[in-house]
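Structure first, commentary second.
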Amino acid sequence: MRYIRWILLLCLFIAWTGCAVPETPEESIWRVTAEDYIPASEWPENVYTAQIPQPESGTMEYINDWSSEGRFGVWLKDISRDESNQYVEQLKEAGYQEISQAENSVSVGTMLWKDDIYLSIAYSDGSLGILIMTE
């Protein structure tokens with residue numbers, strides 16, 4: 001059940017990142033598997049996470065290391081919707097601009113941009129996913 005939630009959140013990320021069906025069969029499609037979720041207990045330090053402040057709330061749960069494709073994912077658990085919203089505001093104060101935002105009674109998704117960095121932030125049911133993408 002846990003993986004289904006993550007896969008649904010990732011689908012939201014993919015929809016917002018502009019991934020498309022390749023024009024030719026030789027091009028690859030970005031695919032996500034359960035193996036892409038690497039358990040983590042500490043905030044990772046790398047060129048991707050250096051671009052954003054660490055959330056003050058939540059507990060590290062997983063990372064997705066797609067750095068060879070220009071993407072890196074961070075997943076936290078035990079975070080409230082209000083804390084998630086505060087984190088998005090913190091990112092905006094750090095200079096990120098909102099591209100789009102959608103929400104319903106269960107989840108919130110926000111796309112942000114600054115310089116050559118795009119962020120896809122997804123909150124649902126006590127979990128926060130942050131996808132960091134570079135051009």
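For the single chain, residues carry numbers from 1 onward in sequence order.
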- Task: Quick one: pull up CZ in Arg71 and CG in Leu131 and give me the separation to the nearest 0.5 Å.
- Result: 7.0 Å

- Note on the structure: Scanning both residues in full, the closest heavy-atom pair of Arg81 with Ser105 reads NH1-O, 3.4 Å

- Taking C-beta and beyond as the side chain, do Asn64 and Phe72 meet within less than 4.5 Å on heavy atoms? no

- Message: Quick check: closest heavy atoms across Gly129 and Trp75, and the distance to 0.1 Å?
- Response: CA-CE3, 3.5 Å

- Query: Going from CH2 on Trp113 to CD on Gln97, what distance comes out if it is rounded to the nearest 0.5 angstrom?
  - Reply: 5.5 Å

- Query: Does a side-chain heavy-atom distance below 4.5 Å link Lys114 with Lys92?
  - Reply: no

- Donor-acceptor contact present, side-chain Glu89 to main-chain Asn85, <3.5 Å: no

- Val74 side chain near Thr49 side chain, heavy-atom distance below 4.5 Å: yes

- Under a 4.5 Å cut-off applied to non-hydrogen side-chain atoms, are Ser67 and Asn46 in contact? no

- Message: Are Ile130 and Leu76 packed together at the side-chain level, in the sense that at least one heavy-atom pair is separated by less than 4.5 angstrom?
- Response: yes

- Message: I need the Gln101 CD to Leu112 CG distance, nearest 0.5 Å.
- Response: 9.5 Å

- Could you tell me whether the side chain of Tyr87 and the main chain of Ser57 form a donor-acceptor pair under 3.5 Å? no

- Hey, any chance Val108 and Val106 share a hydrophobic cluster, counting ILVMFWY side chains that come within less than 4.5 Å of each other, even indirectly? no

- Distance only, no hydrogens: is a donor on one side chain within 3.5 Å (strictly under) of an acceptor on the other, for Glu56 and Gln54? no

- Task: Indicate yes or no: at least one non-hydrogen side-chain atom of Tyr62 is less than 4.5 angstrom from one of Ile38.
- Result: no

- Polar side chain donor-acceptor pair, Ser127 to Asp125, under 3.5 angstrom: no

- Task: Answer yes or no: is there a side-chain heavy-atom contact under 4.5 Å between Tyr118 and Ile132?
- Result: no

- Item | Flag side-chain contact, heavy atom, 4.5 Å: Ser41 against Met60 | no

- Message: side chain to side chain donor-acceptor pair (under 3.5 Å) for Asp82 and Ser80? Distances and angles first, verdict last.
- Response: CA-CA 5 Å; Asp82 287 340; Ser80 72; 5.3 Å; no

- Query: Measuring from Thr110:OG1 to Leu91:CG, what's the distance to the nearest 0.5 Å?
  - Reply: 9.5 Å

- Supply the atom-to-atom distance Ile121 CD1 to Glu98 CD, rounded to the nearest 0.5 angstrom. 11.0 Å

- Approximate separation, where rounding is to 0.5 Å, of Tyr123 OH and Glu83 CD: 8.5 Å

- Taking all atoms of both residues into account, what is the closest heavy-atom pair of Ile79 and Gly58, and its distance? CB-CA, 4.1 Å

